[in-house]
There are 2 protein chains.
Amino acid sequence: MKRIAESTVRRLSLYLRFLEDFEKRSIGTISSDELAARGSTTSAQVRKDLSFFGSFGKRGLGYSVPELLARLRQILGLDHEWHVVIVGAGKIGAALAQYRGFSQRGFRIVALYDSDPEKVGRTVDGLQIRPMSALTAESHHHRPDIAVLAVPATAAQEVADIVVAAGVRAILNFAPQQLQVPDTVALKEVNMAIELEGLSFALTNLRM
Amino acid sequence: MKRIAESTVRRLSLYLRFLEDFEKRSIGTISSDELAARGSTTSAQVRKDLSFFGSFGKRGLGYSVPELLARLRQILGLDHEWHVVIVGAGKIGAALAQYRGFSQRGFRIVALYDSDPEKVGRTVDGLQIRPMSALTAESHHHRPDIAVLAVPATAAQEVADIVVAAGVRAILNFAPQQLQVPDTVALKEVNMAIELEGLSFALTNLRM
DNA sequence: GACGTCTTGTGAATTTCTTCACAAATTACG
DNA sequence: CGTAATTTGTGAAGAAATTCACAAGACGTC
Ligand SMILES: NC(=O)c1ccc[n+]([C@@H]2O[C@H](COP(=O)([O-])OP(=O)(O)OC[C@H]3O[C@@H](n4cnc5c(N)ncnc54)[C@H](O)[C@@H]3O)[C@@H](O)[C@H]2O)c1
Ligand SMILES: NC(=O)c1ccc[n+]([C@@H]2O[C@H](COP(=O)([O-])OP(=O)(O)OC[C@H]3O[C@@H](n4cnc5c(N)ncnc54)[C@H](O)[C@@H]3O)[C@@H](O)[C@H]2O)c1
């Protein structure tokens with residue numbers, strides 16, 4: 001199969017959201033044009049994105065909302081549950097642990113770890129904070145697929161090494177720190193400072 | 001001036017981080033190669049990115065760290081303070097309000113708003129939560145440049161309209177909701193669910 | 001069942017982004 | 001001063017992503 005661009009995958013996630021909305025409003029069929037309008041893209045882009053994975057539409061009619069939903073879930077790997085551990089039960093880690101949006105999409109938070117003895121043992125949203133020393137052993141039981149890193153930048157690489165050794169195959173990193181991981185491990189960064197700087201650039205250079 | 005690609009701006013932010021680190025370690029001069037190595041890009045990419053804004057290096061030598069730092073800060077508009085309001089003092093909004101990383105880079109949080117009367121009046125990190133009804137009037141005084149939206153998706157568009165009317169010219173949106181704003185307003189989305197879905201896709205389709 | 005309307009799926013064209021590759025500058029050093 | 005070693009800045013080439021544009025299929029109607 002041809003390599004799929006990251007931008008395509010991001011758009012598929014968007015389409016999924018729009019389709020969920022269309023389904024909620026009991027709309028049975030949708031055209032690439034309508035889908036495109038919701039995502040400020042073009043109908044050709046929508047069709048091209050989908051065409052990498054097959055032909056899901058009917059000419060003259062469009063796409064069946066429930067069918068395309070099922071296909072997209074399958075393509076994105078959302079047709080089953082993923083096990084997620086969060087490392088770092090600070091402000092961001094705690095917010096993420098409580099966030100409903102993740103479990104809704106099949107990302108089940110199986111454990112929350114922190115190195116601070118003060119925090120260990122406390123409960124966040126029904127989940128007890130566990131000590132870092134327990135991560136490796138407990139991973140044999142939980143079998144986490146994804147680790148979310150919400151630790152200080154200085155600890156991020158060390159923690160990444162630990163979770164990779166514990167069998168995690170994907171990392172979502174919130175620490176502003178470039179991580180090194182084996183290329184068998186998928187890695188995404190969320191860097192809010194970079195987004196803000198992007199806005200700063202836009203304010204400075206565009207218009208005015 | 002030629003249009004600058006978003007990917008270029010993101011890389012400039014990264015270079016800035018690396019340079020700050022080099023400066024901390026008292027390294028006076030850096031080559032595009034060394035900068036590239038830190039950001040898993042190429043030296044040609046680094047030079048091309050910088051070349052959109054001028055020639056800052058010395059042939060045979062590289063770039064002066066303090067000089068390039070200053071240039072990048074200027075290019076990104078980080079050579080002065082931006083006023084930021086956060087709307088939504090929930091889990092994410094509170095975490096962001098307390099985050100040191102923003103003020104460090106000149107993003108000063110001037111106000112925090114919420115519509116919940118229970119929350120209004122409480123203090124987060126020295127900042128009193130203000131009622132939504134006060135946003136417009138207080139903006140005449142604070143003159144916010146950037147609004148961070150940390151409200152439920154259902155409220156996001158409504159809040160966006162309010163902050164735009166109040167004179168905000170850039171929005172960082174954490175709600176999983178596609179916003180409509182005038183094209184004089186810069187907009188960035190942070191969507192953590194999409195990042196997780198990207199990892200899910202990678203786990204599903206790459207290897208195995 | 002022929003005709004008109006609609007919308008997909010996809011090669012081709014276009015645009016955008018990245019990498020290559022090398023002349024021009026600069027330094028180091030004998 | 002001359003030569004070797006670096007490293008920038010940038011056109012040109014190459015790769016990747018997006019948009020165009022249209023043939024082909026599906027439906028509704030008469
Ligand atoms: N809070 C925000 O709004 C925000 C925004 C953007 C980025 N970030 C980044 O997210 C990360 C966490 O930020 P935060 O505000 O939640 O910080 P925080 O200090 O509230 O939380 C960090 C947590 O990590 C724990 N920790 C430290 N070292 C550890 C280790 N080696 N192993 C396990 N746990 C460890 C600490 O005990 C603490 O509970 C930071 O890298 C920060 O830069 C935060
Ligand atoms: N918590 C997370 O980890 C997380 C992760 C990803 C995305 N998000 C998104 O961020 C947003 C906020 O999430 P949260 O977890 O902080 O939710 P939250 O419920 O803790 O906070 C939302 C806050 O917004 C306030 N609010 C509601 N309507 C408002 C309005 N019209 N005007 C002003 N304030 C209003 C509420 O009173 C509340 O304090 C949501 O859109 C959520 O989907 C959150």
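Here is the naming used below: chain letters follow the sequence lines, and residue numbers restart at 1 for every chain.
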Colleague: Looking only at side-chain N and O atoms, does B:Tyr63 come under 4.0 Å of OP1 or OP2 in D:dT6?
Modeller: no
Colleague: How many whole angstroms separate atom CZ of B:Phe53 from atom C1' of D:dT8?
Modeller: 17 Å
Colleague: Would you say D:dT6 has OP1 or OP2 under 4.0 Å from some side-chain N or O of B:Ser31?
Modeller: no
Colleague: Using atom CD1 of A:Ile30 as one end and atom C1' of C:dC6 as the other, report the distance to the nearest whole Å.
Modeller: 15 Å
Colleague: Between B:Leu127 and B:Ile109, is there a side-chain heavy-atom distance shorter than 4.5 Å?
Modeller: yes
Colleague: Atom pairs, N/O to N/O, protein against nucleotides 26-28 of chain C, distance under 3.5 Å?
Modeller:
from: C:dT26; atom 1: O4'; to: B:Arg59; atom 2: O; distance (Å): 3.1

Colleague: Provide the closest heavy-atom pair for A:Ser43 versus A:Asp33 in the form atom of the first, atom of the second, distance.
Modeller: CB-OD1, 3.6 Å
Colleague: Aromatic contact between A:Phe102 and A:Tyr99, with the criterion being ring centroids under 6.0 Å apart: yes or no?
Modeller: yes
Colleague: Near DNA chain C, which residues from residues 38-49 of chain B have a heavy atom under 4.0 Å away?
Modeller: B:Thr42, B:Ala44, B:Gln45, B:Arg47, B:Lys48
Colleague: With a 4.0 Å cut-off, would you call A:Arg25 and A:Asp21 a salt bridge?
Modeller: yes
Colleague: Figure out the CZ/C1' separation between B:Phe56 and D:dT7, and round it to whole Å.
Modeller: 17 Å
Colleague: Atom CD1 of B:Ile4 and atom P of C:dT18: how far apart are they, to the nearest Å?
Modeller: 12 Å
Colleague: Looking at B:Arg73 and B:Glu20, is any side-chain nitrogen of the basic one under 4.0 Å from a carboxylate oxygen of the acidic one?
Modeller: yes
Colleague: May I have the distance from A:Asp33 (atom CG) to C:dT5 (atom C1'), rounded to whole angstrom?
Modeller: 15 Å
Colleague: Using a 4.0 Å heavy-atom cut-off, does B:Ser32 contact any base of the nucleic acid, only the sugar-phosphate backbone, or nothing at all?
Modeller: sugar-phosphate
Colleague: Think A:Arg11 has a side-chain N or O under 4.0 angstrom from the OP1 or OP2 of D:dT18?
Modeller: yes
Colleague: Do the side chains of A:Lys188 and A:Glu6 get close enough for a salt bridge, i.e. N-O under 4.0 angstrom?
Modeller: yes
Colleague: Decide whether B:Ser32 and B:Arg47 meet the rule of one side-chain donor and one side-chain acceptor closer than 3.5 Å.
Modeller: yes
Colleague: Output the rounded distance in Å from CG (B:Leu50) to C1' (D:dT7).
Modeller: 13 Å
Colleague: What I want to find out is whether A:Arg10 reaches B:Glu197 closely enough, with some N-O distance under 4.0 Å, to be called a salt bridge.
Modeller: no
Colleague: Charged N to carboxylate O under 4.0 angstrom, A:Asp79 versus A:Arg71?
Modeller: no
